[in-house]
Every structure is written in C-alpha cells, then in structure tokens.
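Note that this is a predicted model, so its numbers are computed, not measured. In what follows, every heavy atom counts, from backbone to side chain, and hydrogens, waters and symmetry copies are set aside.
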Amino acid sequence: MSEKLSSLCTEFSEKLASRDPAPGGGGAAAMGGSLAASLCAMAAVLSLEKKSCAANRDEIQKIHDEAESLRKELLSLIDADAEGFEPLAKAYAIPKDEPGREETLFVTSMAACVAPLAIMKACARIIELLEKLRPICSKLLLSDVGCAAGIAGSGMKAAAINIYVNTKAYKGRAESDALDKLADDMLDEYLRRTQAVSGAVIKELK
C-alpha cells in the first residue's frame with residue numbers, strides 16, 4: 001500500500017483537535033455516522049458478489065444505494081453543524097445587558113439543534129438498514145455490520161448530546177421541550193435496536 005490509510009483522516013482529526021470551535025462534537029457525530037453508512041455500503045456491495053446472497057440481490061442493492069446516500073448526507077452535515085453553531089457563538093458574544101440578547105440566544109440555540117437532529121435521523125435510518133442487511137449479507141461481512149451498528153448508535157448518542165447542550169437553558173419552553181422529547185424517544189428506541197443488531201452479530205460470530 002503506497003499511502004497509509006491514516007493519512008486520509010489526518011486533516012479532519014487535526015482540525016477537530018485544534019482550538020477552532022468547529023468542527024466539534026456535532027461534526028464528529030456526523031463523521032461517525034458517515035463511517036457507519038460506509039461500512040453498511042461496503043458490506044452490501046461485497047455481498048452482492050457472493051453467490052450465497054443471490055436470492056436477496058435486489059434488496060441488498062437497495063440497501064447499498066441508500067447507505068451511499070446517507071454517507072454523503074452525513075458528510076454534508078459536518079458543514080451544516082458548523083454553520084449552525086456560528087450564529088450561536090456570535091450570540092454569546094453579545095453584551096449581557098443588551099436588550100434582546102436572551103431571545104437571540106434562544107433562537108440561535110434552537111437553530112443549532114437542526115443539524116444534530118438530522119444526524120440522529122440519518123443514524124437511525126442506518127440502523128434500520130443494518131437490521132435488514134444482517135440476516136441476508138455474506139457471513140464474511142457480519143463483523144462489519146456489527147461494527148457499523150455500534151458506530152451508528154454512538155453517532156446518534158453524540159448528536160443527541162449536542163441537542164441537549166443547546167436546550168438545557170430553556171426547559172419549559174415548548175420548542176426546547178419538544179426537541180428534548182424527540183431526542184429522548186429516538187435514543188430509547190434506536191439504542192435498543194443497535195444493541196440487538198450488535199448482539200446478534202456477536203452471538204453468531206462466537
């Protein structure tokens with residue numbers, strides 16, 4: 001191999017580790033989700049080449065195509081998350097005694113939740129795809145399906161944290177409470193489903 005694979009990840013990793021405010025946790029969540037989608041796509045496309053998967057080729061192809069779409073969507077959400085944070089950072093710089101500061105903070109905080117919520121929804125869909133793929137993929141790709149599930153679940157949890165940090169100051173306001181409940185409900189459902197996929201893979205591998 002002429003190029004170390006680690007070099008492909010260096011720029012984003014260095015940017016994430018820097019003093020720059022973005023990318024931050026939301027960008028990392030989106031990157032994690034995109035990696036889960038990539039693994040799902042890989043497991044699907046390699047399964048398409050296996051005779052043992054011929055009977056499910058059409059379904060596997062659909063899974064592959066949607067996983068590829070989600071991979072690209074999640075990469076775009078890295079930028080969307082950074083763009084959503086910028087107005088909030090500016091709002092925090094407003095002098096505390098300036099009229100309208102608190103409402104500006106509320107509006108920008110809620111806007112900063114848009115990308116993390118989209119990340120959560122994309123990760124949820126990846127988990128659904130992995131549920132479909134696990135029983136019909138090549139047995140040689142089961143470990144990748146299990147890894148993808150774990151990463152997708154982690155990406156979803158990380159995205160939820162980025163919602164909670166923006167809603168915590170606004171308990172009792174309808175928009176904030178609705179976002180909290182939506183994030184709570186998605187985590188409750190999809191982390192269980194993630195564990196089910198990972199658990200099934202581990203059981204089969206062992």
Side-chain angles (χ1 to χ4, degrees), residues 9 11-13 15-16 20-42 44 62-92 104-133 147-171 173-195 197:
C9 309
E11 186 174 355
F12 183 80
S13 177
K15 185 73 170 174
L16 192 63
D20 293 341
M31 175 60 79
S34 75
L35 294 176
S38 298
L39 278 173
C40 181
M42 183 192 75
K62 289 178 184 177
I63 291 170
H64 169 267
D65 293 347
E66 187 170 355
E68 265 292 283
S69 177
L70 288 164
R71 178 183 68 80
K72 295 173 184 177
E73 177 186 345
L74 281 154
L75 287 175
S76 73
L77 285 168
I78 297 173
D79 292 326
D81 183 74
E83 290 162 6
F85 176 75
E86 185 177 352
L88 179 58
K90 290 179 179 178
Y92 274 114
T104 299
L105 277 171
F106 173 71
V107 170
T108 52
S109 292
M110 296 304 98
C113 293
V114 172
L117 182 58
I119 294 166
M120 288 191 74
K121 290 179 177 179
C123 287
R125 185 55 187 156
I126 294 166
I127 293 164
E128 292 171 353
L129 293 178
L130 293 166
E131 288 174 330
K132 294 179 180 178
L133 183 59
C147 289
I151 296 169
S154 295
M156 173 177 277
K157 188 183 292 186
I161 290 170
N162 280 271
I163 290 175
Y164 298 143
V165 73
N166 289 313
T167 59
K168 68 183 178 67
Y170 304 105
K171 304 299 182 186
R173 296 192 66 160
E175 188 175 349
S176 174
D177 289 352
L179 281 168
D180 273 357
K181 185 177 187 310
L182 184 55
D184 289 346
D185 290 346
M186 290 180 71
L187 283 182
D188 286 346
E189 177 180 356
Y190 282 95
L191 292 185
R192 285 197 302 269
R193 293 169 72 166
T194 296
Q195 185 57 45
V197 174

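- Nearest heavy atom pair, residue Ala183 against residue Ala160, reads CB-CB, 4.5 Å.
- If you take SG on Cys9 and CE on Met31, they are separated by 7.5 Å, rounding to the nearest 0.5 Å.
- Nearest heavy-atom pair across Ala124 and Tyr190 is O-CE2, 3.5 Å.
- In this structure, CG in Leu70 is found 11.0 Å from NZ in Lys72, a value given to the nearest 0.5 Å.
- Of the inter-residue distances, the one linking Ile126 atom CD1 with Ser38 atom OG reads 8.5 Å to the nearest 0.5 angstrom.
- Considering only residues two or more places apart in sequence or on other chains, Arg125 meets the salt bridge (charged side-chain N to carboxylate O under 4.0 Å, His left out) condition with Glu66, Glu128.
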Could you list the donor-acceptor pairs under 3.5 angstrom formed by side chains in residues 74-87, with sequence neighbours left out?
| residue | atom | partner | partner atom | Å |
| --- | --- | --- | --- | --- |
| Ser76 | OG | Glu73 | O | 2.6 |
| Asp81 | OD2 | Gly27 | N | 3.4 |

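- Shown here are the salt bridge (charged side-chain N to carboxylate O under 4.0 Å, His left out) partners of Asp188, two or more places apart in sequence or in another chain: there are none.
- Nearest heavy atom pair, residue Cys40 against residue Ile63, reads SG-CG2, 3.9 Å.
- Residues Asn162 and Gly25 approach most closely at ND2-C, 3.4 Å, considering heavy atoms.
- For residues 107-123, there are no side-chain hydrogen bond (donor to acceptor under 3.5 Å, both in side chains) pairs, not counting sequence neighbours.
- If you take CG on Leu179 and CG on Asp184, they are separated by 10.5 Å, rounding to the nearest 0.5 Å.
- Lys15 meets the salt bridge (charged side-chain N to carboxylate O under 4.0 Å, His left out) test with Asp20; sequence neighbours excluded.
- Here the straight-line distance linking atom CG of Leu187 with atom OH of Tyr164 works out to 4.5 Å at 0.5 Å rounding.
- Residues Leu16 and Ala28 share a closest heavy-atom pair of CD2-CB, 4.1 Å.
- Rounding to the nearest 0.5 Å gives a distance of 11.5 Å between SG of Cys147 and CG of Leu35.
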Met120/Leu182 under side-chain contact (heavy atoms from CB on, under 4.5 Å): CA gap, chis, key distance, verdict: CA-CA 10 Å; Met120 288 191 74; Leu182 184 55; over 6 Å; no
Chi angles and distances behind the side-chain contact (heavy atoms from CB on, under 4.5 Å) call for Phe106, Glu175: CA-CA 10 Å; Phe106 173 71; Glu175 188 175 349; 4.0 Å; yes
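- Taking a 6.0 Å sphere around NZ of Lys171, one finds it holds more than 12 heavy atoms contributed by other residues, nucleotides or ligands.
- The nearest pair of heavy atoms linking Gly155 to Cys123 is C-SG, 4.0 Å.
- With sequence neighbours excluded, no residue forms a salt bridge (charged side-chain N to carboxylate O under 4.0 Å, His left out) with Arg192.
- A donor-acceptor pair under 3.5 Å links the side-chain atoms of Ser176 to the main chain of Thr167, judged by distance alone.
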